[in-house]
Number of protein chains: 2
Amino acid sequence: MSKQTLPISDVPAPGPRASEACCSPLTREPLGEDRAVELARVFKAMGDPVRLRLLSMIASHHGGEACVCELTGVFDLSGPTISHHLKVLREAGLITGERRGTWVYYRAVPQRLGEVADLLDLAPAT
Amino acid sequence: MSKQTLPISDVPAPGPRASEACCSPLTREPLGEDRAVELARVFKAMGDPVRLRLLSMIASHHGGEACVCELTGVFDLSGPTISHHLKVLREAGLITGERRGTWVYYRAVPQRLGEVADLLDLAPAT
DNA sequence: TTTCTAGGTTGACAGCCGTCGAATCAGGGT
DNA sequence: ACCCTGATTCGACGGCTGTCAACCTAGAAA
């Protein structure tokens, strides 16, 4: 490991297997234990209102990326707290951060969203 | 309120608004605070490996429903713990339970899954 | 170098969450 | 009536999580 100059690049599993039509949805067959652990981490990251809003603000932001300085003011929360939530989203592979000069910009990782969306595809097992 | 003979019907918000093309996806515009709280509750429910597997086992089960007795044996967890997780999924509106004789059967609520899937639809804001 | 600002890290604290054993409830068979 | 089994609820415990204040780092501009 070791800490680099930019500790903002700690994505755990960039794109497990979401490249193409992949993961059988939740409703097709029981989830394996390992895969459940992996997916639960992503859902848990989205399981907080602040993080969900942060993710949405970043994903919907004009240009596809948002500066942290634009995010902190929106919440009644301290800087460290926002930073913490961004880290959780980062470690879940939902966003990536890049430093440009003084500011840090985050952008969403569409693959992750797509992976989760695929998982929830409805195949009604009547 | 009051407790009926079958306390297994405590769905909080059966189908908020997932009937038709509805909720603007995460990537379209920033999530409102109230909606974020509501959605976070669902994601949080799915943010545990055991619950995710339970949900998957129920949703994918032959006949669309699964008996609790078929679920408890799969995990190295006590009955009360499984029951607790089922309650969380129930209160998130992801599953519903029905007692038939001695056994209790659970089935998934497709609307909820659909609601979440819609939310994650990708509208890449390049 | 020094100073300033934007973010991140650390350490600590309260509250929540997953887990269990024991007790309780609901039905079906004796 | 009694007991047995399936499932939930209750009470408690340890670990995790969201939050903050304080401190530290990265880069830009004097």
Side-chain angles (χ1 to χ4, degrees), chain A residues 1-10 33 36-37 40-41 43-55 58 65-92 95-107, chain B residues 1-10 33 36-37 40-55 58 65-92 95-106:
Chain A
M1 300 316 164
S2 83
K3 309 175 65 173
Q4 303 183 346
T5 51
L6 219 206
I8 309 225
S9 47
D10 48 357
E33 186 171 355
V37 171
R41 206 171 313 160
F43 281 120
K44 189 186 292 184
M46 291 194 283
D48 180 279
V50 174
R51 285 198 291 268
L52 213 43
R53 292 178 67 194
L54 281 171
L55 177 59
I58 294 170
E65 64 181 11
C67 174
V68 174
C69 60
E70 297 173 292
L71 303 173
T72 47
V74 177
F75 304 88
D76 282 342
L77 293 172
S78 66
T81 298
I82 298 297
S83 203
H84 161 70
H85 284 308
L86 289 172
K87 184 178 184 179
V88 173
L89 289 172
R90 230 165 52 216
E91 290 178 341
I95 59 175
T96 54
E98 178 194 358
R99 169 159 232 139
R100 285 208 293 278
T102 306
W103 297 277
V104 174
Y105 295 87
Y106 280 97
R107 59 175 58 237
Chain B
M1 301 313 171
S2 82
K3 309 176 65 174
Q4 303 182 347
T5 51
L6 219 206
I8 311 226
S9 49
D10 49 356
E33 186 172 355
V37 170
R41 204 171 313 157
V42 179
F43 281 120
K44 189 186 292 185
M46 290 194 284
D48 180 278
V50 174
R51 285 198 292 269
L52 213 42
R53 291 179 67 192
L54 282 171
L55 177 60
I58 294 169
E65 66 182 10
C67 174
V68 174
C69 59
E70 296 174 295
L71 303 173
T72 47
V74 177
F75 304 87
D76 281 343
L77 293 172
S78 67
T81 298
I82 298 296
S83 203
H84 162 69
H85 285 307
L86 290 171
K87 183 178 186 180
V88 173
L89 290 172
R90 228 165 56 216
E91 291 178 341
I95 60 175
T96 56
E98 178 195 359
R99 168 158 232 140
R100 285 205 296 276
T102 306
W103 298 276
V104 175
Y105 296 86
Y106 280 98

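Naming: A, B, ... by sequence-line order, numbering from 1 per chain. Values below: all heavy atoms of this structure, side chains included; hydrogens, waters and symmetry mates excluded.
Taking CD of A:E98 as the start and CZ of A:R107 as the end, the distance is 7.5 Å to the nearest 0.5 Å. Expressed to the nearest 0.5 Å, how far CD1 of A:I95 lies from CZ of A:R51 amounts to 10.5 Å. Annotation: the span from B:H84 atom NE2 to B:L77 atom CG amounts to 11.0 Å, rounded to 0.5 Å.
Phosphate contact (OP1/OP2 of C:dC20, side-chain N/O of B:H84, threshold under 4.0 Å): absent. One finds a side-chain N or O of A:T81 lying less than 4.0 angstrom from the OP1 or OP2 phosphate oxygen of D:dC20. Contact annotation: A:Y105 side-chain N/O to C:dA6 OP1/OP2 distance is not under 4.0 Å. Between A:K44 and C:dC17 there is no side-chain N or O to OP1 or OP2 distance below 4.0 Å. The phosphate of C:dG27 (OP1 or OP2) has no side-chain N or O of B:T102 nearer than 4.0 angstrom.
Within the nucleic acid shown, A:I82 has no heavy atom closer than 4.0 Å to any nucleic acid atom. Among the atoms of the strands shown, only primed sugar atoms or phosphate atoms (P, OP1, OP2) are found under 4.0 Å from some heavy atom of B:G101. Residue contacts for A:R100: at a heavy-atom cut-off of 4.0 Å it reaches no nucleic acid atom on any strand shown.
Here D:dA7 presents its C1' atom at 14 Å from CD1 of B:I58, a figure rounded to the nearest Å. Between B:R99 atom CZ and C:dG28 atom C1' there is a gap of 11 Å when expressed in whole angstrom units. With rounding to whole Å, A:H85 atom NE2 is found 9 Å from D:dC20 atom P. Rounded to an integer number of Å, the gap from CG of A:L77 to P of D:dT19 is 5 Å. In this structure, CD of B:E98 is placed 13 Å from P of D:dT8, rounded to the nearest angstrom. Note: CG (B:L89) to P (D:dT8) measures 12 Å, nearest angstrom. Following rounding to the nearest Å, A:F75 (CZ) and D:dC20 (C1') show an atom-to-atom distance of 17 Å. D:dT8 atom P lies 6 Å from atom CG of B:L86, rounded to whole Å.
The residue among A:V50 and B:P80 whose nearest nucleotide of DNA chain D lies closer to the 5′ end is B:P80.
Distances from the side chain of B:R90 to the nucleotides D:dT8, C:dG7, D:dA7 place D:dT8 closest.
In this structure, A:R90 forms no cation-pi arrangement with A:Y106, as its terminal cationic atom is not both closer than 6.0 Å to the ring centre and no more than 45° off the ring axis.
For the side chain to side chain contact (heavy atoms under 4.5 Å, CB included) test, residues two or more places apart in sequence or in another chain that qualify with B:E70 are B:H61, B:A66, B:C67.
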